[in-house]
Amino acid sequence: MTPLSTTSHSRRSALKIAGAASIGAIAFAATACTDNGSAQAAVEVDQLTSQADRARADAAAASNSIALAPERVAALTTISAERTAHADALDAEIARAAGGGIGTTSTPSASSTAPAAPAGIDAVRASLAESARSAADLARTTSGYRAGLLGSISAACATQAAVLLP
């Protein structure tokens, strides 16, 4: 080998080592970012699941309260339908956040499958007010579509409590 080819060979080896080290560093950084993102995503999914559970519980309470307040059937039916729609929208966002893609929905949690005892109008109103506060608090910690969804749910719950169940 000539000195020129030895130098050229050394440079190629050095570049290969540097390239491999760079790829390793990038892979490590990407993995670290992904792990932190995964942990945060899991927390956000749990928070959204809690909101979906609240929505289903409110819908069930409103439906079950019709027996105690038949004169409010229209208001309670509207509340039940809207809170069910909130649960469905949250389920779609949970599926998206969890990587389920479009059209995938999560199943209701086991806690929402037990039938609720009929609650009085005051209990439904209080539950809606708490749901409004909870959704608003969570909306403040998120951004983008998710913040808008939670803000909309909060406003709807507050309106239901104040207007439909005065």
Side-chain angles (χ1 to χ4, degrees), residues 19-66 72-116 119 121-166:
S22 296
I23 290 171
I26 291 169
F28 176 77
T31 302
C33 290
T34 302
D35 289 346
N36 290 339
S38 296
Q40 180 62 29
V43 169
E44 290 174 1
V45 166
D46 288 345
Q47 292 170 332
L48 292 173
T49 300
S50 175
Q51 291 296 314
D53 289 345
R54 286 191 73 80
R56 282 193 255 322
D58 287 347
S63 290
N64 293 337
S65 294
I66 292 171
R72 300 244 177 133
V73 69
L76 292 168
T77 300
T78 298
I79 291 168
S80 180
E82 287 182 7
R83 292 302 279 149
T84 298
H86 294 162
D88 292 344
L90 288 161
D91 285 345
E93 180 61 12
I94 290 164
R96 190 199 65 74
I102 298 172
T104 304
T105 58
S106 66
T107 56
S109 68
S111 64
S112 65
T113 59
I121 296 299
D122 290 338
V124 174
R125 187 182 309 111
S127 181
L128 288 169
E130 179 55 33
S131 292
R133 278 190 295 280
S134 177
D137 290 345
L138 186 54
R140 287 183 196 96
T141 66
T142 61
S143 63
Y145 171 78
R146 198 169 292 162
L149 174 63
L150 292 164
S152 177
I153 289 171
S154 175
C157 290
T159 301
Q160 291 165 357
V163 176
L164 295 178
L165 299 178

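Positions are given from 1 along the sequence. These values consider heavy atoms only, across backbone and side chains, with no hydrogens, waters or symmetry-generated copies.
In this structure, S80 contributes its side chain and L76 its backbone to no donor-acceptor pair below 3.5 Å. Without hydrogens or angle criteria, T78 side chain to A74 main chain gives a donor-acceptor distance under 3.5 Å. Side chain of S50 to main chain of D46: no donor-acceptor pair is present (N/O by atom type, distance under 3.5 Å, no hydrogens or angles).
Across all non-hydrogen atoms, the minimal contact from R146 to A97 is NH2-CB, 3.3 Å. Nearest heavy atoms, A161 versus A129: CB-N, 4.5 Å. Across every non-hydrogen atom of V124 and A61, the tightest pair is CG2-O, 3.9 Å. The shortest non-hydrogen separation linking P166 to V163 is CD-O, 3.3 Å.
When side chains are defined from C-beta on, L149 does not count as touching L48, because their heavy atoms never get closer than 4.5 Å. L128 has its side chain within reach of R83: a pair of non-hydrogen atoms, C-beta onward, lies under 4.5 Å apart. T142 is not listed as a side-chain neighbour of E44, based on a closest heavy-atom distance of 4.5 Å or more. When side chains are defined from C-beta on, D58 does not count as touching H86, because their heavy atoms never get closer than 4.5 Å.
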Under the side chain to side chain contact (heavy atoms under 4.5 Å, CB included) criterion, do R56 and D91 qualify, and how do the steps go? CA-CA 11 Å; R56 282 193 255 322; D91 285 345; 3.4 Å; yes
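Taking CD of E82 as the start and OG1 of T77 as the end, the distance is 11.5 Å to the nearest 0.5 Å.
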Tell me which donor-acceptor pairs under 3.5 Å the side chains of residues 132-139 have, and how far apart each pair is, sequence neighbours excluded?
unit_1, atom_1, unit_2, atom_2, d
R133, NE, E130, OE1, 3.3
R133, NH2, E130, OE1, 3.1
S134, OG, Q51, NE2, 2.6
D137, OD1, R140, NH1, 2.7

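When the side-chain hydrogen bond (donor to acceptor under 3.5 Å, both in side chains) test is applied to T84, no partner is found at least two apart in sequence or on another chain. Listed by chain and number, the residues in a side-chain hydrogen bond (donor to acceptor under 3.5 Å, both in side chains) with R125 are D122 (sequence neighbours excluded).
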